[in-house]
Number of protein chains: 2
Amino acid sequence: MSSDQISTKTRILDVTWNLLESGDKSVRMSDIAKAVGISRQALYLHFPSRAELLVATTRHIDSVKDVDARLARSRSAQTGVARLHAFIDAWGGYIPEIHGVSVALRAMPDSDQDAADAWTDRMTAVRHGCAAAVVALARDGRLKEGLTETQATDLLWTLLSVENWERLVRDSGWSQNSYQAMIKQLSEAALMTDG
Amino acid sequence: MSSDQISTKTRILDVTWNLLESGDKSVRMSDIAKAVGISRQALYLHFPSRAELLVATTRHIDSVKDVDARLARSRSAQTGVARLHAFIDAWGGYIPEIHGVSVALRAMPDSDQDAADAWTDRMTAVRHGCAAAVVALARDGRLKEGLTETQATDLLWTLLSVENWERLVRDSGWSQNSYQAMIKQLSEAALMTDG
DNA sequence: TGTCAACTTGACACGATGTCAAGTTATCCA
DNA sequence: TGGATAACTTGACATCGTGTCAAGTTGACA
């Protein structure tokens with residue numbers, strides 16, 4: 001250990017991240033091993049399965065890209081609208097960073113419980129962020145009448161899905177900026193009173 | 001042939017449809033064969049691959065559920081808004097019918113070109129419907145200023161995605177009615193002038 | 001009677017994941 | 001100095017699902 005500047009484990013995570021983000025391939029365990037410069041079996045000495053490796057990679061990205069700091073800003077917003085905007089910027093702006101891993105995680109066979117759970121956890125965390133923004137809006141009395149907090153959360157969470165980002169940014173060629181601006185506009189139209 | 005009331009091919013398609021719609025499983029070729037009551041190999045006498053079987057199943061559902069008739073109504077709408085609503089009803093109401101197959105098609109390995117193409121075709125067809133509704137809105141002068149027809153189409157197409165339906169109806173427990181109502185409301189808020 | 005289509009059984013190749021066993025190499029430490 | 005240990009290597013193998021191949025059966029129809 002100690003020696004090679006950075007540990008093999010970290011190198012594996014970085015390489016996996018790169019391969020997934022570069023997009024084109026299916027990224028098999030053997031591809032990752034080759035890119036790291038170790039044997040396929042050595043991969044299994046560090047990560048028990050492909051699913052666990054993918055999960056560890058998302059955690060690695062979270063720490064490198066400091067997802068906590070990004071979210072902290074939205075938590076400290078004063079008004080409901082500010083919180084909504086900050087959260088959209090935080091999560092919407094984070095999607096491109098984890099998009100490669102997210103695709104791989106969702107492409108795992110349904111039978112893979114680890115992978116499914118990891119993705120569900122992610123989505124649940126995002127949902128909590130949505131719910132907090134909705135609560136802040138409600139507290140300000142800006143939530144559209146006839147909309148429960150749960151419904152509003154469902155909606156915001158749906159609008160902010162990775163798949164919607166894929167459709168607009170990746171498939172339709174929208175810039176990240178116009179994506180974020182449009183989601184804000186849509187969220188306001190969907191959730192807030194005009195007042 | 002002729003004899004067994006309905007042809008084996010049709011029975012295969014019906015069974016595949018049922019299995020996919022019932023949701024729980026991975027639905028392997030052997031599962032389908034067993035459910036039809038023939039050998040796994042006989043399946044390959046009728047359909048060259050799993051991908052082709054899935055594609056044929058969507059076409060089968062289209063014909064049984066008469067997708068053309070559903071879409072015809074939206075094409076004959078007089079105003080842009082009417083067309084928008086009719087299209088949302090048509091496609092949004094069709095999603096539950098093909099949801100099982102859609103999941104299976106998207107779950108196919110990326111390497112499978114047939115499956116990917118079939119799904120892309122579907123999405124392209126939906127996009128055309130969206131574009132037509134947007135054109136009708138623009139003709140009525142009801143398209144929001146600062147929004148190109150392409151952007152409006154991108155947005156409507158995104159809102160009407162199968163994944164958004166999954167999130168609201170399947171994951172969040174919305175009724176089909178409230179789903180359709182909400183998509184209408186959102187589409188109007190996103191695309192139309194207040195006038 | 002013979003032919004043909006629809007099917008059956010059984011074996012096998014392939015690609016990817018994951019496992020197992022046995023060997024190598026470098027480092028650290030007593 | 002010599003021996004344990006961690007981090008790796010090579011190579012073989014099991015498993016699962018798809019798809020292929022070959023040879024046999026069955027029933028209808030001409």
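Just so we're on the same page: letters track the sequence lines, and every chain starts at 1.
Geometric assessment of A/Lys9 against the ring of A/Phe47 yields a positive cation-pi assignment under the 6.0 Å and 45° thresholds.
Atom P of nucleotide D/dG17 and atom CG of B/Asp112 are separated by 17 Å, given to the nearest angstrom. Taking atom CD of residue B/Glu52 and atom C1' of nucleotide D/dG19, one finds them 13 Å apart after rounding to whole Å. Regarding A/Asp110, its CG atom lies at a distance of 13 Å from the P atom of D/dG17, rounded to whole Å. Computed from coordinates, the B/Leu45 CG to D/dG19 P distance equals 14 Å when rounded to whole Å. The distance between atom CD1 of B/Ile12 and atom C1' of C/dA6, rounded to the nearest whole Å, is 11 Å. Distance CG (A/Leu54) to P (C/dT17): 10 Å, rounded to an integer number of Å. Rounded to a whole Å, the CZ atom of A/Arg11 is 11 Å from the C1' atom of D/dA7. The distance from atom CZ of B/Phe47 to atom C1' of C/dA6 is 14 Å, rounded to the nearest whole Å.
Of the listed nucleotides (D/dT10, D/dT18, C/dT9), D/dT10 has the atom at the smallest distance from the side chain of A/Ser39. Of the candidates C/dT19, D/dC8, C/dC7, the closest approach to any side-chain atom of A/Arg40 belongs to C/dT19. Closest to the side chain of B/Gln41, from the set C/dG10, C/dG18, D/dG17, is C/dG10. Relative to the side chain of A/Arg50, the nucleotides C/dT8, C/dT17, D/dT9 differ in distance, and C/dT17 lies closest. For B/Tyr44, the side-chain atoms get nearest to D/dT20 when compared with the rest of D/dT10, C/dT8, D/dT20. Considering only the side chain of A/Met29, C/dT17 comes nearest among D/dG17, C/dT17, D/dT9.
Cluster annotation: B/Val103 is not connected to B/Met108 through the hydrophobic network of ILVMFWY side chains, with a link wherever side-chain heavy atoms come within less than 4.5 Å.
Remark: A/Thr8 is not in phosphate contact with D/dA7, judged by side-chain N or O atoms under 4.0 Å from OP1 or OP2. The side chain of A/His46 places no N or O atom within less than 4.0 Å of a non-bridging phosphate oxygen (OP1 or OP2) of D/dA7.
Checked options B/Thr8, B/Leu53, B/Asn18; the residue passing with B/Leu13 is B/Leu53 (criterion: side chain to side chain contact (heavy atoms under 4.5 Å, CB included)).
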Could you check B/Lys34 against B/Asp31 for salt bridge (charged side-chain N to carboxylate O under 4.0 Å, His left out), going step by step and ending with a plain yes or no? CA-CA 5 Å; B/Lys34 187 184 294 178; B/Asp31 297 324; 5.5 Å; no
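Counting non-hydrogen atoms under 4.0 angstrom, B/Ile38 reaches the backbone sugars and phosphates but no base. Among the atoms of the strands shown, only primed sugar atoms or phosphate atoms (P, OP1, OP2) are found under 4.0 Å from some heavy atom of B/Ser49.
Between A/Glu97 and A/Arg70 there is a salt bridge, since a side-chain N of the basic residue sits under 4.0 Å from a carboxylate O of the acidic one.
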